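Values in this document were obtained by computation on a predicted structure and should not be read as measured data. Proteins come first, then strands; the chains are lettered A, B, ... in the order of their sequence lines, and each starts at number 1.
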There are 2 protein chains.
Amino acid sequence: MVTQIPDIVIGRLPIYLRELRRLQDEGDRLTTSSHELGERLGISSAQIRKDLSHFGEFGKQGTGYHINYLVDQLCQILHLDQTWPVALVGVGSLGTALAHYDGFKLRGFEIRWVFDIDPTKIGAEVNGVHIQAVDELEATIAQHEIAVAIIATPASVAQDVADRLVAAGIKAILSYAPLHLTAPSGVHVSYSDPVTELQRMTYYLG
Amino acid sequence: MVTQIPDIVIGRLPIYLRELRRLQDEGDRLTTSSHELGERLGISSAQIRKDLSHFGEFGKQGTGYHINYLVDQLCQILHLDQTWPVALVGVGSLGTALAHYDGFKLRGFEIRWVFDIDPTKIGAEVNGVHIQAVDELEATIAQHEIAVAIIATPASVAQDVADRLVAAGIKAILSYAPLHLTAPSGVHVSYSDPVTELQRMTYYLG
DNA sequence: TAGATTGTTAATCGATTAACAATC
DNA sequence: TAGATTGTTAATCGATTAACAATC
């Protein structure tokens with residue numbers, strides 16, 4: 001029986017995975033518990049057990065969860081037992097920073113195509129990746145069947161870029177442009193806007 | 001009577017504000033409606049009306065919301081009728097990109113102090129701001145009563161940096177380090193981790 | 001065996017939505 | 001007046017938590 005799992009549960013799995021990897025790196029134990037994990041993440045142990053129980057029984061009464069095993073399971077669930085090749089659009093300062101970020105590879109992603117509209121950038125390289133003209137976006141994405149893209153363009157062109165990415169077959173977009181993007185259902189969009197995040201916190205400051 | 005307003009409501013206000021600013025920039029109308037705003041943001045009109053009603057009655061039956069007025073009100077609520085000076089820790093490629101980002105000023109923030117631990121960077125400038133040694137962090141934050149900070153350091157030192165920021169008086173932290181930070185209650189922490197965001201989406205991809 | 005911890009149930013808590021009287 | 005849209009209520013829907021039998 002296929003049960004629809006809430007988005008909010010899916011959203012926590014990468015957080016669990018990230019903390020489990022830290023436990024692996026610390027390397028001093030083979031198992032952990034929902035209590036320990038919750039303690040480290042500020043999440044209740046009941047919620048962690050409930051979340052995981054949507055996908056199977058990964059723990060053992062009395063001993064908890066085998067860290068390596070749970071990491072493997074979460075990677076399978078999140079489809080991270082592969083490296084997702086990523087297209088990046090926009091090589092301004094943020095795009096360049098993302099292209100150089102070495103935290104992608106180890107966690108399942110690799111920026112392998114980079115696009116910009118600026119003729120003085122096209123043909124150059126960023127972190128070993130050739131910068132292509134945005135004109136080539138559709139052909140490249142279709143040819144390589146790329147599913148994941150990052151938008152790091154100015155806000156003014158982000159919706160247009162998103163439309164073209166979607167038309168070319170992209171299924172998941174992470175956008176750094178500070179505006180809501182419209183995309184057809186079946187295409188997943190997530191956002192990162194530092195100002196929005198800061199504004200959420202200033203409410204609570206005198 | 002003071003009612004506790006849910007965090008999730010507060011979290012949507014900056015989104016409303018951002019879209020209202022877009023309507024201002026488009027400049028072709030003085031008013032909007034919860035229906036229009038919801039349409040543009042993929043949020044139900046009922047939710048928008050409910051959210052706003054926590055803070056007052058900002059609309060008029062039949063005509064909707066006066067855009068400029070609602071922007072003003074939201075800015076007041078979010079304490080954005082001032083510019084918040086921000087301290088940035090870490091001047092790697094991401095920190096540098098943030099220091100150069102010109103989207104802060106217009107929306108209520110300004111990176112005015114920058115810290116790094118690398119002696120070859122200390123004393124240089126990034127976007128007109130002097131790079132200080134991390135040693136000077138406590139004194140500078142206390143002296144200027146800085147409330148908001150951004151962490152763009154490697155994960156390995158992020159918790160230590162956060163502890164020092166908090167001890168010096170910082171009340172809101174936006175962290176780009178890919179790990180959960182522990183902070184005392186009363187200190188607000190938000191996160192931006194591109195990999196976590198991408199991992200949330202790959203679950204839905206074949 | 002005794003202690004620890006799971007997976008699950010039922011209860012609680014909170015958020016969203018539908019509907020509509022009020023009124024511009 | 002007629003149409004549009006608010007603010008609010010009550011109903012629905014969904015998420016979190018507390019508690020505990022099962023069992024390692």
Under a 3.5 Å distance rule, please check whether [X] uses its side chain to pair with a backbone N or O of [Y] as donor and acceptor.
X	Y	value
A:Gln159	A:Thr182	yes
A:His79	B:Leu205	yes
B:Tyr191	B:Leu181	yes

Ring geometry between A:Trp113 and A:His144 (parallel below 30°, tilted from 30 to 60°, perpendicular above 60°)
tilted

Between [atom2] on [N] and [atom1] on [X], what's the gap in Å once rounded to a whole number?
X	N	atom1	atom2	answer
B:Gln61	C:dA19	CD	P	20 Å
A:Leu70	C:dT6	CG	C1'	13 Å
B:His54	C:dG14	NE2	C1'	11 Å
B:His66	C:dC24	NE2	C1'	16 Å
A:His35	C:dG3	NE2	P	18 Å
B:Arg12	C:dT17	CZ	C1'	12 Å
B:Asp7	C:dG14	CG	C1'	12 Å
B:Gln73	D:dT6	CD	C1'	16 Å

By the 4.0 Å heavy-atom rule, please label A:Ser45 as base, sugar-phosphate, or nothing.
nothing

Stems formed with participation of DNA chain D [Watson-Crick or G-U wobble, under 3.5 Å, three or more pairs]
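The stems that DNA chain D takes part in, listed by first number, are C:3-24 with D:3-24.
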
Any [X] side-chain nitrogen or oxygen under 4.0 Å from OP1 or OP2 of [N]:
X	N	value
B:Tyr65	D:dA4	no
A:Arg49	D:dA19	no
B:Ser34	D:dT6	yes
B:Ser44	C:dT17	yes

For the side chain of [X], starting at C-beta, report the closest nucleotide among [options].
X	options	answer
A:Glu57	C:dG7, C:dA15, D:dG7	C:dG7
B:Lys50	D:dG7, D:dT23, D:dT9	D:dT9
A:Ile8	D:dA15, D:dT5, D:dC24	D:dA15
A:Ser53	C:dT6, D:dT16, C:dG7	C:dG7
A:Gln47	D:dT16, C:dT5, C:dT16	D:dT16

Who passes side chain to side chain contact (heavy atoms under 4.5 Å, CB included) against B:Ile117, sequence neighbours left out?
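With neighbours one apart ignored, the set is B:Val134.
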
Side-chain donor-acceptor pair present, B:Ser192, A:Glu197, cut-off under 3.5 Å
no

In chain order, what residues pass the ring pair (Phe, Tyr, Trp, His ring centres under 6.0 Å) check against A:Phe104, with sequence neighbours excluded?
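Testing A:Phe104 for ring pair (Phe, Tyr, Trp, His ring centres under 6.0 Å), a comparison that skips the adjacent residues, returns A:Tyr101.
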
Side chains of B:Tyr65 and B:Leu52 in contact at under 4.5 Å (non-hydrogen atoms)
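B:Tyr65 vs B:Leu52: side chains touch.
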
Here's a test of your reading of the structure: between A:Thr63 and A:Asp51, which maps to the more 5' nucleotide of DNA chain D?
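It is A:Asp51, whose closest nucleotide lies nearer the 5' terminus.
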
